[in-house]
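These notes concern the structure reproduced below.
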Amino acid sequence: MSDQSDHLPADADLGRVREALVEWYEAGHREFPWRRTDDAYRILVSEVMSQQTQLSRVEEAYADFLDRWPTVADLAAADRGEVVAFWSDHSLGYNNRATYLHEAAGQVVDEYGGEFPDSPAELEELMGVGPYTANAVASFAFDNGNAVVDTNVKRVLYRAIAEIRNTEDPPYEEIANALMPSGESRIWNNAIMELGGVACQKTPRCDEEGCPWREWCHAYQTGDFTAPDVPTQPSFEGSRRQFRGRVVRALGEYDELPLSKLGPRVRVDYGGDTGEAWLRELVADLADDGLVDAEERDGETHVRLTR
DNA sequence: GTCCCGGTTT
DNA sequence: AAACCGGGAC
């Protein structure tokens, strides 16, 4: 017996727990376009879009994106600025993720001849792909992943398994992997994420959604639905990233702008302490991130989205 | 204000 | 370990 089995139901129950969740998922779940494909490129696009963005808003962007760049080769051949402008236009947030996705497409074409690798370890080498996304793509495209651990899964495990609450730094990854039926990452990861997203939300909906784990869940039995703290984000209004977003949006609209025209479009109080020096620094950071290019011409600095 | 199927950089 | 990154919906 391994250590993590201490956190899990007895072997006799483990099979029932697994079956119950999979049956619950198969009996009815949300239909998303990316759940009807096993194309790694399409899966990756959906996963990157879904990071910190509401799924309901991803659907339209996902369809538009694949309409414009149907294959990984198409995306790799695109100008980066086009991808960034698309990202901004569709309000997908965190424009860096557009550059990561474009970079990753280039890696797949250059290093893998346009065919995605199928292991989490290789997928994690792609720009913008960390442990979460690597396992998601390996699972949903190739049925070859480990257990996915996101905030939804953590919440499910934290509530369901009593012993986790006694642990200072819960080994979510080990527990999640021990719980997942070996070789069934596609259905399992879909199912447990669906459970966290639909039934085991911050405000639990156990009975409404017919949670399959009620008879076994520690939280359901005790009424203590405590969940792990999610780090609260700094406020967006007035933040640096709000102004970064405005720069990208303006350049997606105007192709190219000198600082003197860009500034007033970024903030109405452009000038003074937040004048040209402030804007230069903002633009320099965006250039470092590969989002924009700056060029000196006619004694002024002109800025455009990266080609 | 909080939340959202995280990753990179320092 | 912590800061940083967008923006719409609620």
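Naming convention: chains lettered A, B, ... in sequence-line order (proteins, then strands); numbering from 1 in each chain.
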> Mind checking whether Phe86(A) and His90(A) have parallel, tilted or perpendicular rings, split at 30° and 60°?
Replying inline: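 Geometry flag for His90(A) against Phe86(A): parallel rings.
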
>> Between Asn95(A) and dG6(C), is there a contact of a side-chain N or O with OP1 or OP2 at under 4.0 Å?
In response: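 For dG6(C), OP1 or OP2 has a side-chain N or O of Asn95(A) closer than 4.0 Å.
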
> Under 4.0 Å: is that the gap between some side-chain N or O of Arg249(A) and OP1 or OP2 of dG7(C)?
Replying inline: yes

Got a salt bridge between [X] and [Y], using NZ or NE/NH1/NH2 to carboxylate O under 4.0 Å?
X: Arg68(A); Y: Asp74(A); result: no
X: Asp285(A); Y: Arg244(A); result: no
X: Glu253(A); Y: Arg249(A); result: no
X: Arg214(A); Y: Asp207(A); result: yes
X: Arg297(A); Y: Glu256(A); result: yes

> Which nucleotide span of DNA chain B, 5' end to 3' end, has atoms closer than 4.0 Å to non-hydrogen atoms of chain A?
Replying inline: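 Nucleotide range with atoms under 4.0 Å of chain A: dT2(B) to dT8(B).
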
Whole-Å distance separating the [atom1] atom of [X] from the [atom2] atom of [N]:
X: Arg246(A); N: dG7(C); atom1: CZ; atom2: P; answer: 9 Å
X: Glu59(A); N: dG8(C); atom1: CD; atom2: P; answer: 18 Å
X: Asp289(A); N: dC5(C); atom1: CG; atom2: P; answer: 8 Å
X: Met49(A); N: dG7(C); atom1: CE; atom2: P; answer: 15 Å

> Which residues in residues 77-94 of chain A have at least one heavy atom lying under 4.0 Å from any atom of DNA chain B?
Replying inline: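 Within residues 77-94 of chain A, no residue comes under 4.0 Å of DNA chain B.
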
> So which of residues 187-209 of chain A are in contact with DNA chain B, with a heavy-atom cut-off of under 4.0 Å?
Replying inline: Met193(A), Lys202(A)

NA contact type, [X], heavy-atom cut-off 4.0 Å: base, sugar-phosphate, or nothing?
X: Thr133(A); value: sugar-phosphate
X: Arg35(A); value: base
X: Ser50(A); value: sugar-phosphate
X: Ser235(A); value: nothing

> Quick one: CD on Glu209(A) to CD on Glu194(A), what's the gap to the nearest 0.5 Å?
Replying inline: 8.5 Å

>> Quick check for you: to the nearest 0.5 Å, what is the distance between Arg35(A) atom CZ and Ser46(A) atom OG?
In response: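 Reported to 0.5 Å precision, the distance equals 10.0 Å.
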
> For Glu124(A), does the CD atom have more than 12 heavy-atom neighbours from other residues, nucleotides or ligands under 6.0 Å away?
Replying inline: yes

>> Once hydrogens and angles are ignored, does a donor-acceptor distance under 3.5 Å link the base of dG6(C) to the side chain of Thr53(A)?
In response: yes

>> Need to verify one output field. Residue with the more 5' nearest nucleotide on DNA chain B, Arg57(A) or Pro131(A)?
In response: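 The residue mapped nearer the 5' terminus is Arg57(A).
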
>> Judged by each residue's nearest nucleotide on DNA chain B, which is more toward the 5′ side, Val129(A) or Ser56(A)?
In response: Ser56(A)

>> Suppose you measure atom P in dC5(B) against the same atom in dC4(C); what distance do you get, rounded to whole Å?
In response: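 Taking atom P in both dC5(B) and dC4(C), they lie 24 Å apart.
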
>> With rounding to the closest Å, how many angstrom separate the P atoms on dG6(C) and dT9(B)?
In response: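 The answer is 14 Å between these two P atoms.
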
>> Under 6.0 Å between ring centres: does that hold for Trp69(A) and Tyr41(A)?
In response: no

If we ignore angles and hydrogens, is there a donor and acceptor under 3.5 Å between the side chains of [X] and [Y]?
X: Glu47(A); Y: Tyr132(A); result: yes
X: Glu300(A); Y: Ser260(A); result: yes
X: Asp39(A); Y: Thr37(A); result: no

>> Run the side chain to side chain contact (heavy atoms under 4.5 Å, CB included) test against Pro264(A) and tell me which residues pass, sequence neighbours left out.
In response: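 For Pro264(A) the side chain to side chain contact (heavy atoms under 4.5 Å, CB included) partners, ignoring immediate neighbours, are Tyr270(A).
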
> Do Tyr220(A) and Arg159(A) come close enough that some side-chain heavy atom pair is under 4.5 Å?
Replying inline: no

> Going by heavy atoms in the side chains, are Arg80(A) and Thr99(A) under 4.5 Å from each other?
Replying inline: yes

> Do Arg267(A) and Phe243(A) meet the cation-pi criteria used here (NZ or CZ under 6.0 Å from the six-membered ring centre, within 45° of the axis)?
Replying inline: yes

Using atom names, set out every protein N or O paired with an N or O of nucleotides 1-4 of chain C below 3.5 Å, distance rounded to 0.1 Å.
none

> Stems in DNA chain C: runs of 3 or more consecutive Watson-Crick or G-U pairs, distances under 3.5 Å?
Replying inline: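 Listed by first number, the stems are B:1-4 with C:7-10, B:6-10 with C:1-5.
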
